[in-house]
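Residue numbers run from 1 in the order of the sequence given.
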Amino acid sequence: MAGAAARLGRPRVKRAVVAAQQDARAGRIAPEEVAAVAGASLPAAATGIRAVLNASGVLLHTNLGRAPLSAAAVDALGVAAGTCDVELDLATGRRGPRGTDALAALRDAVPGAGAAWVANNGAAALALVCAALAGTGREVVVSRGQLVEIGDGFRIPELIESTGARLRPVGTTNRTHLRDYAGAIGPDTAFVLVVHPSNFVVTGFVSAVGVRELAGLGPPVVVDIGSGLLTPHPLLPDEPDAAGTLADGADLVTASGDKLLGGPQAGLLLGGGDRGAALVEQVRRFPLARAMRVDKLTLAALEASVAGPPTPVRQFLDADPAALWARADTLAAALVADGIDATATDTVAGVGGGGAPGWSCPAPRSRCPSGTRPHCVPVTRRCWAGSPTGAACSTCGRCRRRRTRRSPGPCARCPGDRRTEPCTSSAPRATSTTASPRWSGR
């Protein structure tokens with residue numbers, strides 16, 4: 001208990017001991033089991049966040065924290081966790097520019113980026129651009145087909161208008177032409193905005209204007225590419241990347257850091273050419289930028305993700321299908337050895353998390369029946385359409401494993417367990433554990 005108190009704090013350990021003592025007084029456990037039960041109820045770390053195995057078949061699952069960090073990024077977090085030179089010039093001992101190495105890594109990784117800056121998320125980067133360049137009531141020209149809703153009900157037009165900018169929508173939902181933009185541009189135009197619809201696809205009778213054409217209209221062109229793909233990837237030919245967008249003539253590109261880039265949550269702002277670099281500096285010096293800047297931990301993890309070894313996201317995209325099948329077979333065999341009826345079969349996987357909408361690729365999965373939770377780490381699994389739900393489950397008081405309500409006896413792995421209270425959730429009847437480019441294997 002002394003080690004647990006040092007790791008978690010004395011109040012939390014005391015609450016666990018008191019709860020176990022109450023169980024002993026009520027006769028649910030033996031007195032000599034108090035210490036073991038209290039210890040088993042304590043988490044491994046002093047946080048309510050739990051590690052989850054992403055077996056959903058979705059690479060960037062927003063509810064699971066999107067991109068998993070690389071080992072290099074995790075090591076960088078450890079370095080930055082203590083006192084560090086985040087804003088100190090060690091050569092002179094004076095205050096220095098913030099995040100120099102992370103910003104240099106971004107510029108090096110994106111050909112054509114003459115300047116870079118980082119906000120705390122993608123929406124913040126776009127909001128800062130609108131506030132700094134158009135917040136005095138100037139107009140932002142954008143296609144009606146790009147006035148999208150992002151996560152949790154937030155909408156791009158409302159975000160833009162909240163900064164004090166005036167929205168000037170052009171075209172229609174499905175078709176916008178160059179003449180629509182040209183007719184809307186005037187003395188009050190701050191910039192032309194292009195928003196990549198990163199979570200849906202519109203097909204059929206559609207028309208959109210490319211960045212190269214918009215760059216010839218005169219005003220600055222700002223492109224929100226969303227997913228944070230820095231350079232092209234052969235598996236994602238339709239996903240815009242930062243380098244290609246700048247090469248097409250965009251002055252500013254905004255993107256997220258925790259999607260296809262594979263880093264921590266961050267909002268990237270990249271400027272192309274002399275005008276783009278000047279606009280980045282204008283945004284950086286805008287007063288609201290101070291409220292949206294990132295901390296040392298984000299800067300460290302971002303630099304390691306950009307300049308370090310391939311991130312898990314990149315490894316997943318580049319994974320060999322044969323190797324994935326071998327992993328699915330291994331997982332299924334391990335589950336069978338654990339008494340669970342599992343098989344490796346075909347499925348498909350997608351990017352998710354606001355990236356590469358409509359794209360999917362063949363992938364294997366290890367499928368097992370419901371009510372089977374062989375490990376203590378939660379597993380987010382895919383529930384197939386039309387599958388009925390199964391029975392609720394109960395939790396073993398000693399090892400915290402779950403079992404179905406239909407088998408409310410003692411835990412098979414923990415014979416001393418005496419708890420039979422059901423939990424309140426229902427387990428999916430038919431689920432799958434997907435070993436694909438979207439599955440970390442951890």
Side-chain angles (χ1 to χ4, degrees), residues 54 56-62 66-68 106 109-113 116 121-123 125-126 142-143 145-151 156 176 193-204 206-215 221-250 252-270 272 302 305-306 310-319 321 348-363 436-439:
N54 180 10
S56 65
V58 178
L59 171 58
L60 298 168
H61 201 304
T62 300
R66 291 183 179 160
L106 279 173
V110 181
N121 60 47
L126 179 57
V142 60
S143 169
Q146 297 169 3
L147 297 178
V148 301
E149 179 174 304
I150 55 179
I156 289 295
T176 303
L193 175 64
V194 177
V195 180
H196 175 54
S198 57
N199 55 9
F200 68 96
V201 176
V202 178
T203 60
V206 296
S207 176
V209 183
V211 173
R212 192 179 297 275
E213 296 174 279
L214 294 174
V221 177
V222 178
V223 183
D224 179 11
I225 64 172
S227 70
L229 189 65
L230 299 185
T231 54
H233 192 283
L235 278 182
L236 308 172
D238 297 326
E239 188 70 11
D241 64 278
T245 303
L246 290 175
D248 284 343
L252 293 178
V253 169
T254 64
S256 296
D258 57 347
K259 297 180 181 178
L260 287 174
L261 188 152
Q265 177 179 295
L268 312 182
L269 180 61
L270 304 168
L302 180 62
S305 300
V306 173
T311 64
V313 172
R314 183 71 190 212
Q315 293 176 25
F316 300 159
L317 287 173
D318 296 341
V348 293
V351 171
W359 178 87
S360 62
C361 71
S436 67
R438 324 299 176 247
W439 177 61

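Taking both residues in full, the closest heavy atoms of E239 and G355 are given as OE2-CA, 4.0 Å, listed atom of the first, atom of the second, then distance. Taking every heavy atom of both residues into account, G263 and S305 meet most closely at CA-OG, 3.4 Å. Across all their heavy atoms, V223 and A250 have their closest contact at CG2-CB, 3.8 Å.
Panel note: side chain N54, backbone V58; a donor-acceptor pair is recorded below 3.5 Å. Counting only distance, with no hydrogens or angles, the side chain of T311 and the backbone of R314 share a donor-acceptor pair below 3.5 Å. Using modelled atom types, one side-chain atom of Q315 and one backbone atom of P310 make a donor-acceptor pair closer than 3.5 Å. Judged purely by atom type and a 3.5 angstrom limit, S143 uses its side chain to pair as donor or acceptor with the backbone of G145.
A 4.5 Å side-chain heavy-atom check between L60 and V313 finds at least one atom pair inside the cut-off. Contact check for L236 versus L317: side-chain heavy atoms found under the 4.5 Å cut-off.
Annotation: the span from H196 atom NE2 to T254 atom OG1 amounts to 12.0 Å, rounded to 0.5 Å.
Donor-acceptor pairing under 3.5 Å is lacking for the side chains of D241 and T231. Counting only N and O atoms by type, the side chains of S256 and Q265 include no donor and acceptor under 3.5 Å apart.
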*Residue pair V194, T245: steps toward the side chain to side chain contact (heavy atoms under 4.5 Å, CB included) verdict*: CA-CA 11 Å; V194 177; T245 303; over 6 Å; no
